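Convention: sequence-line order gives letters A, B, ...; per-chain numbering from 1. Source: prediction; values computed, not measured.
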Protein chains: 2
Amino acid sequence: MYIYIIMNEDKIIVSIVEDIDDIRDALRVLINGSDGFECIHVYADAEEALESMTKKDINVVLMDINLPGMDGIDCMKALKPAMPNTQIMMCTVYDDDDHIFNALQSGASGYILKRTSPAQILEAIRDLHEGGSPMSSEIARRVVGFMQKKGKPSKAVEMLTNRETEILDFLAKGYLYKEIATELYISKETVKKHIHNIYNKLHVQTRTEALNKAFKR
Amino acid sequence: MYIYIIMNEDKIIVSIVEDIDDIRDALRVLINGSDGFECIHVYADAEEALESMTKKDINVVLMDINLPGMDGIDCMKALKPAMPNTQIMMCTVYDDDDHIFNALQSGASGYILKRTSPAQILEAIRDLHEGGSPMSSEIARRVVGFMQKKGKPSKAVEMLTNRETEILDFLAKGYLYKEIATELYISKETVKKHIHNIYNKLHVQTRTEALNKAFKR
DNA sequence: ATGTCAATAACCCATTTGGGGTATTTTATG
DNA sequence: CATAAAATACCCCAAATGGGTTATTGACAT
């Protein structure tokens with residue numbers, strides 16, 4: 001028995017995981033009909049992909065999210081460890097925040113929508129293979145919006161005085177009252193008083209609640 | 001005295017903040033020479049921009065980061081509140097993580113590099129004005145990498161048992177021992193024991209330290 | 001000058017937390 | 001079946017936390 005390993009430095013080797021026959025076929029035809037690309041395998045569901053894909057030398061996986069059984073995001077999570085050099089591009093109809101963030105946080109490097117034109121899909125595959133993260137600018141806007149939310153303290157925190165904010169930062173680092181006191185050259189009781197005031201302003205009773213309210217996470 | 005307010009629904013109104021004369025002029029000529037765009041003002045530094053820009057009706061600001069005096073990111077922060085409907089695009093030579101994240105977290109919606117071609121710059125401005133977040137796919141990759149780091153628990157957490165992980169999640173929400181106990185139908189002492197084991201595995205002494213170690217932030 | 005706010009500090013007291021044990025039961029796993 | 005790991009539970013005890021209260025000081029505005 002012989003095992004042939006496909007190695008072709010000229011072409012970008014692509015695999016497709018997509019349950020809808022027409023779309024899967026169209027993508028394969030598109031990719032195989034274009035110079036510099038080769039689609040070596042297509043899978044109709046996650047389970048099938050997990051069985052046969054891992055041992056192959058794939059540059060880029062086009063992964064649908066909505067699959068029967070295991071979804072594309074979980075499939076990607078399962079594939080990733082076995083193929084660390086393969087780039088995964090989500091290619092789906094979902095353009096909501098949850099799917100986008102979930103996919104990108106779980107290891108996808110590109111995210112395109114199915115309505116993307118054939119030329120742009122090829123462009124995106126090449127981009128991905130060359131180390132970029134292709135995504136339409138609407139998708140990018142969602143991602144940027146996400147970062148902006150994360151970076152901002154809540155409004156309630158704006159009610160805090162400078163000293164209180166300073167002490168809140170120490171709390172976030174896990175300092176004890178007495179450590180904060182030493183750090184700021186004030187008494188432990190004063191630290192406690194400040195923290196008490198912080199809790200009143202934020203309407204919380206404990207350190208962790210305060211941190212959760214102050215830095216949304 | 002009459003005040004003329006420029007309102008032109010056909011054109012995208014652009015302002016430029018850029019200290020290098022040649023680049024500033026080139027951008028203005030590019031924008032004014034293109035259908036559908038109009039550059040109504042250019043500024044050579046942040047201070048000048050802050051004085052005169054706020055009262056005008058601008059769709060898009062092209063902002064350099066490296067300016068003499070106040071930098072472009074601080075300038076943007078100062079401008080934002082006064083012009084909430086204006087989209088800001090950073091247009092700079094910096095492609096390092098710090099500048100990118102700082103700019104996007106602080107309110108920029110687009111981020112392009114100065115080596116972007118004229119046609120792409122116009123495309124990006126239109127994109128931005130239509131609600132997208134234009135950025136090159138290298139920049140996007142940085143942003144995606146950032147999200148992937150944030151979302152991942154540290155390796156140490158993988159040593160925890162299922163029950164321990166479950167309890168750690170309650171800790172993160174700020175639950176008291178007894179609340180966790182009630183929630184899981186186990187005794188408070190057992191919760192304490194689990195938490196004690198968690199602290200041993202993570203080499204920490206307090207709740208906050210554990211959370212900081214478990215979910216990098 | 002009067003009043004408010006921020007920061008400082010102290011006191012009492014109950015609850016919570018966490019370190020050190022030990023022990024039983026349940027669940028995997030060989 | 002035997003053994004290990006995980007989950008359960010309880011004990012003692014010291015330290016940390018947080019609620020409530022009162023008081024002094026300096027700064028700043030009315």
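- Considering only side-chain N and O atoms, B/Arg207 lies nowhere under 4.0 angstrom from the phosphate OP1 or OP2 of C/dG18.
- Per the geometry, CD belonging to A/Glu189 stands 13 Å off P belonging to D/dG18, to the nearest Å.
- You'll find that the side chain of B/His196 is closest to C/dG20, out of D/dG19, C/dG20, C/dT17.
- Within the 4.0 Å cut-off from OP1 or OP2 of D/dG18, at least one side-chain nitrogen or oxygen of A/Tyr177 is found.
- The distance between atom NZ of B/Lys193 and atom C1' of D/dC12, rounded to the nearest whole Å, is 14 Å.
- The side chain of A/Lys192 has D/dG20 as its nearest neighbour among C/dG18, D/dT17, D/dG20.
- If you take NZ of B/Lys201 and P of D/dA5, they are 11 Å apart, rounded to a whole angstrom.
- Look at A/Lys114 and A/Asp64 and you find a salt bridge, because one of the NZ, NE, NH1 or NH2 atoms lies within 4.0 Å of a carboxylate O, short of that distance.
- Going from atom CZ of A/Arg163 over to atom P of D/dA27 covers 15 Å, rounded to whole Å.
- As rounded to whole Å, 14 Å separates atom C1' of C/dT25 from atom CD1 of B/Ile186.
- Taking atom CE on A/Met159 and atom C1' on C/dC5, their separation rounds to 13 Å, with Å as the unit.
- OP1 or OP2 of D/dA5 has not a single side-chain nitrogen or oxygen of B/Thr161 nearer than 4.0 Å.
- A straight line from NZ of A/Lys178 to C1' of D/dT17 spans 12 Å, rounded to a whole angstrom.
- Among the atoms of the strands shown, base atoms are found under 4.0 Å from some heavy atom of A/Thr190.
- Contact of the B/Asn59 side chain with the B/Lys11 side chain is not registered, since no non-hydrogen atoms from C-beta on lie closer than 4.5 Å.
- Between the CD1 atom of B/Ile195 and the C1' atom of C/dG20 there is a distance of 16 Å, rounded to whole Å.
- The pair A/Lys178-A/Glu189 fails the salt-bridge criterion, with no side-chain N (NZ, NE, NH1 or NH2) lying under 4.0 Å from an Asp/Glu carboxylate O.
- Taking side-chain N and O atoms only, B/Tyr199 has no distance below 4.0 Å to OP1 or OP2 of C/dG19.
- Under a 4.0 Å N-O distance rule, the pair A/Arg28/A/Glu38 does not qualify as a salt bridge.
- Nearer the 5' end of DNA chain D, as judged by each residue's closest nucleotide, is the contact made by B/His194, out of A/Gln205 and B/His194.
- Between A/Glu209 and B/Lys173 there is no salt bridge, since no side-chain nitrogen of the basic residue lies less than 4.0 Å from a carboxylate oxygen of the acidic one.
- In this structure, B/Ser187 reaches the D/dC10 phosphate: one of its side-chain N or O atoms is under 4.0 Å from OP1 or OP2.
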